[in-house]
Number of protein chains: 2
Amino acid sequence: MSKTQAEDWFRELQSTLIETYEAIEIAAGSNARFERQPWQRPGGGGGTMAVMRGEVFEKAGVNFSQVEGEFSERFRGEIPGTDEDPSFWACGVSVVVHPRSPMIPAVHFNTRHLVTQKSWFGGGADMTPVFPDDEDTNLFHSALKATCDAHPMADYQTYKSWCDRYFYLPHRQEPRGVGGIFFDQLNSGDWIGDFEFVKDVGRAFTSIYPQIVARHVDEPYEDRHRQAQLLKRGRYVEFNLVHDRGTRFGLETGGNTEAILMSLPPLASW
Amino acid sequence: MSKTQAEDWFRELQSTLIETYEAIEIAAGSNARFERQPWQRPGGGGGTMAVMRGEVFEKAGVNFSQVEGEFSERFRGEIPGTDEDPSFWACGVSVVVHPRSPMIPAVHFNTRHLVTQKSWFGGGADMTPVFPDDEDTNLFHSALKATCDAHPMADYQTYKSWCDRYFYLPHRQEPRGVGGIFFDQLNSGDWIGDFEFVKDVGRAFTSIYPQIVARHVDEPYEDRHRQAQLLKRGRYVEFNLVHDRGTRFGLETGGNTEAILMSLPPLASW
């Protein structure tokens, strides 16, 4: 029952995000639309990867997945609730947007529900501008703070610090972007309450990013800004391939490579 | 004494390769030259990273390094000859060339000498064309085979297979390129003989790659070839950041990030 509710929400959220980003392309006079590519997971389940290569959004990926099966020996015990029974069920939506304009921040969002012998939610959202803008950063952080503050189980400062620690490149000694929130293994004992929080994170993200895009979509820029963006995207690639646990876990466990690497930018330089 | 000989050779090889690639730029009417950037390693030693961003070679990196110090607890025992004494000395040259034209293969070369309580040589060379060409592949493999065949301690088939196994992307189920040779922990008991082999690998590489470049430098290409090259380079990035042991070891042990990531292409796409 709770699985079905979560799955329905994540499917709906994927559709909403796709419509939201397509509307921005339409408003910019672009014909670009998302291409949906369904995929099956050999061990059980699958998903729909949706990618748009547009004018405003040089590459936007919105991936829905619902997978299930059993963790291999190697990962049993590492994942909560798998000591005695390795079976799992997982469902979620992940989003990465790489805008064409270097004046518009890139963004990442993910929410998911995991069920083993335990059950929990995880997710977060963080923003990666090339040229950080205080007003953008405030808008983004404020939206996430308001969402956390409205739910008793969500502690904004904890989730914000978690995000800052996670999205950090030690080999460059620099953060990936300006942060946001990150949470995992959220189970307050109130499933409905936790689920409402996760839905509100999705709604807040859906609403706030287009506002930030709108602030910069008509802003002029020069080739040097584009070059800075391509270098910044190189750092993004470094983070995802070297440090991101989800990416490494996915590649090492034979996940869907195209869906996992959907996050990589359309063009990057070193 | 042997350390000095090896170091002298690696310095000479760096200079030779720099001159070789600059001569190709000059012949193409380009003013591009290598920029040499010396760097110090906090724990001891350092190197000179030389990078050229040219017309024929969109990005060519030729790095010399001579580092020494002690392996941290974590790596003791993993590296031969460090069980009782963690000190090490290492010297070598590594090269990565990303040509601008998608018709010219990218290439990678590395040779090094390691001294702990044991001592050995390692290295190799491999080529990554966007559009594999049998004649190029034969030229490259033949040069390396002739070099191995001239030295009794070097078994070409073993080194070729080692290269094929190493430069493979399991998550894509595809090889990085068309291979070459790869060898490590080479110590036949004849230091001078091993050193002569390593020098000949350097000479063979110095000689053969420009011949392959010359076969394609004036070949016309279209935007679709360039797009294929940028995608292929994305795979190159994936290999280096996800799988390459040298890269991961370097980043995890606080090596010189710029020198380690010199291998990444000037531009790549996903």
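Every heavy atom of this structure was used, including side-chain atoms; hydrogens, water molecules and symmetry mates were not. Being a predicted model, the structure only gives us computed values, none of them experimental. Just so we're on the same page: letters track the sequence lines, and every chain starts at 1.
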Worksheet item: Could you state the interatomic distance from CG (B/Leu251) to NE2 (A/His243), rounded to the nearest 0.5 Å?
Response: 6.5 Å

Worksheet item: Is it the side chain or the backbone of B/Leu267 that comes within 4.5 Å of chain A heavy atoms, both, or neither?
Response: both

Worksheet item: Should the heavy atoms of other residues, nucleotides or ligands under 6.0 Å from CG of B/Asp218 be counted, would the total exceed 12?
Response: no

Item to complete: May I ask you to list the residues in residues 166-181 of chain B that approach chain A closer than 4.5 angstrom, counting heavy atoms only, ordered by number?
Response: B/His171, B/Arg172

Worksheet item: Of all heavy-atom pairs between A/Pro266 and B/Ser269, which one has the smallest distance, and what is that distance?
Response: O-CB, 2.7 Å

Worksheet item: Looking only at heavy atoms, what is the nearest atom pair of A/Ala268 and B/Trp270, with distance?
Response: CB-CZ3, 4.3 Å

Discussion item. Between A/Lys59, A/Glu238, A/Arg248, who has the most heavy-atom pairs with chain B when the cutoff is under 4.5 Å?
Written reply: A/Arg248

